[in-house]
Undergrad: 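Quick one: structure below, then a few questions.
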2 protein chains.
Amino acid sequence: MKKYLEILKKCPLFFEIEEESLLRMLTCLGATIDLYDKKYTVMPEGKPVKHIGIVLSGSVQINQVDYDGNRTIIANVYPGELFAEAFACAEAKSFPLSVIANEPSYIMLIDVSHILHTCNNNCGFHQQLIFNLMKDIALKTITFYQKIEVTSKRSTREKLLTYLNMQAKKAGYRTFDIPFNRQELADFLEVDRSGLSAEISKLRKEGIIESNKNHFTLI
Amino acid sequence: MKKYLEILKKCPLFFEIEEESLLRMLTCLGATIDLYDKKYTVMPEGKPVKHIGIVLSGSVQINQVDYDGNRTIIANVYPGELFAEAFACAEAKSFPLSVIANEPSYIMLIDVSHILHTCNNNCGFHQQLIFNLMKDIALKTITFYQKIEVTSKRSTREKLLTYLNMQAKKAGYRTFDIPFNRQELADFLEVDRSGLSAEISKLRKEGIIESNKNHFTLI
DNA sequence: TAAAGTATGTTGAATTTTCAACAAAATGAG
DNA sequence: CTCATTTTGTTGAAAATTCAACATACTTTA
């Protein structure tokens, strides 16, 4: 675990937890670390959610797939970030998403009941972890509203421009990379891939954007 | 405040708080109660969010309105339920939604900093409130995934059927009322109102649903 | 109760999106 | 380096959505 100490220190779950107590605490929480290869399922859809996931290296993708195979990408999750925390904390009976590794990734899993329910050792960190979870879930809720802001637009063009403007704002520059290929961007924006490609070409011809693969510039 | 004790006891924010301490606690938290008339704005878009709202009577609607006036309805909130809690807890600099009273409604507002930061009186309830907030925000996150599940469908028909099936499941019956009129349902599903009306008629002719105003039956 | 205002359903035209198919470009494996 | 696979862009036809306009039904209030 020591190997990932730097990442864990940045993890919002461990905000205001002393570095010295972190490793001890992880043992107490029964945290495990596993390697998942590219395209492997970290958490399968349908099962009850018992664990909070933390990406230590690589990245994972949170997908919602319906009965006839339509995929919606909810988010990519990067080192130091959590996933499945809302469902775990709500003790959801069924996880409606699937979590897939984008690349070989080390993932830490922590049984959420070890966080929420005070242990016999009477550790003092539970309150801080619960506070941190509350903050983290609240912040993540805000990113969902942003997804709704994008996908509630009625046309491919507007969805794309709303998304690109958000990314530019986030990056702080008019030039930035997006974390999706075309199909993934289409699945995030909830539009048809070929129509999205056509719209990108159109915006380029109109001189509104410049783009090359997943690199974009707003003119 | 006594008048609303029964509602407050059901509010998830006060789970596991003794009835006897509730009123004292509300005073300590500086809770206020105000009446908002129909169509009045309870929380305006754009301002920093300092308060958590609790509906005591009536109901409010959470809307997202973009620069060119397109409205997306996020949810209706009913007595005993919270609103704006995620933005307040995340200490968001700007509230991207607007909260409007659907009818004359009594609303309690609590400054979230009074909950998150221990007061001088050293009240013992902060930890419980933070835990309750965490649970509440986690549960609400799940309802957002349900909204995404509905709106990510590509056609009006599929959005509508997904929504109706969810409502039926929630009601526990194939016959149920929905909390929206046509325009509101269209704004929730993120589709055109007239197209939605046409689709409802079509489903009725095909014998898939029966409906009258906001009363629906899945056949 | 009547009148005004609001909500709903219907229609057809214009616009968009989706779908399918394919070629070109890029990537990855051996 | 070459071949196989995946990704991307392009196109046209089919299907669906949006938009505008209007008639009817329903609500509200004066």
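Numbered from 1 within each chain, the chains take letters A, B, ... in sequence-line order.
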Undergrad: Expressed as a whole number of angstroms, how long is the span from A/His215:NE2 to D/dT8:C1'?
TA: 18 Å

Undergrad: Do A/Glu45 and A/Leu97 have side chains that approach each other closer than 4.5 Å (heavy atoms only, starting at C-beta)?
TA: no

Undergrad: Using modelled atom types only, decide if a donor and an acceptor are shared between the side chain of A/Asn181 and the backbone of A/Glu184 within a distance under 3.5 Å.
TA: yes

Undergrad: Could you measure the distance from the CD1 atom of B/Ile54 to the CD1 atom of B/Ile7? Nearest 0.5 Å is fine.
TA: 11.0 Å

Undergrad: One character per nucleotide, please: for nucleotides 16-30 of chain C, 5' to 3', B when the base has a protein heavy atom closer than 4.0 Å, S when only the sugar-phosphate does, - otherwise.
TA: -SBBB-----SS---

Undergrad: So, does B/Lys135 use its side chain to make a donor-acceptor pair with the main chain of A/Cys89 at under 3.5 Å?
TA: yes

Undergrad: Does the B/Lys9 side chain pair with the main chain of B/Leu22, one donor and one acceptor, at a distance under 3.5 Å?
TA: no

Undergrad: Can you figure out which of C/dA7, C/dG9, C/dT11 approaches the side chain of B/Asn181 most closely?
TA: C/dA7

Undergrad: Once you round to the nearest 0.5 Å, how far does CG of A/Asn76 lie from CD1 of A/Ile74?
TA: 11.5 Å

Undergrad: For the helix from C/dT1-D/dA30 to C/dG30-D/dC1, what is the angle between the axes at its two ends, each from 5 pairs, rounded to 10°?
TA: 60°

Undergrad: Can you measure B/Ile200 atom CD1 to C/dG9 atom C1' for me and round it to whole angstrom units?
TA: 10 Å

Undergrad: Rounding to a whole Å, what distance do you find between A/Ile178:CD1 and D/dT7:C1'?
TA: 14 Å

Undergrad: Regarding B/Lys140 and the six-membered ring of B/Phe83, is the cationic atom NZ or CZ under 6.0 Å from the ring centre and inside 45° of its axis?
TA: no

Undergrad: Within a strict 4.5 Å, meaning less than it, do heavy atoms of the A/Met43 and A/Val60 side chains meet?
TA: no

Undergrad: Between the main-chain N or O of A/Gln183 and the side-chain N or O of A/Arg193, is there a donor-acceptor pair closer than 3.5 Å?
TA: no

Undergrad: Please work out if A/Ser197 contacts a base, only the sugar-phosphate, or nothing of the nucleic acid, heavy-atom cut-off 4.0 Å.
TA: base

Undergrad: In whole angstroms, how far is the C1' atom of C/dT8 from the CG atom of B/Asn214?
TA: 13 Å

Undergrad: Tell me the interatomic distance from B/Arg182, atom CZ, to D/dT18, atom P, rounded to whole angstroms.
TA: 16 Å

Undergrad: Could you state the CD-C1' distance from B/Glu103 to D/dT27, rounded to the nearest angstrom?
TA: 16 Å

Undergrad: Just how far, in rounded Å, is P of D/dT17 from CG of B/Leu160?
TA: 11 Å

Undergrad: Rounding to a whole Å, what distance do you find between A/Phe180:CZ and D/dT7:C1'?
TA: 17 Å

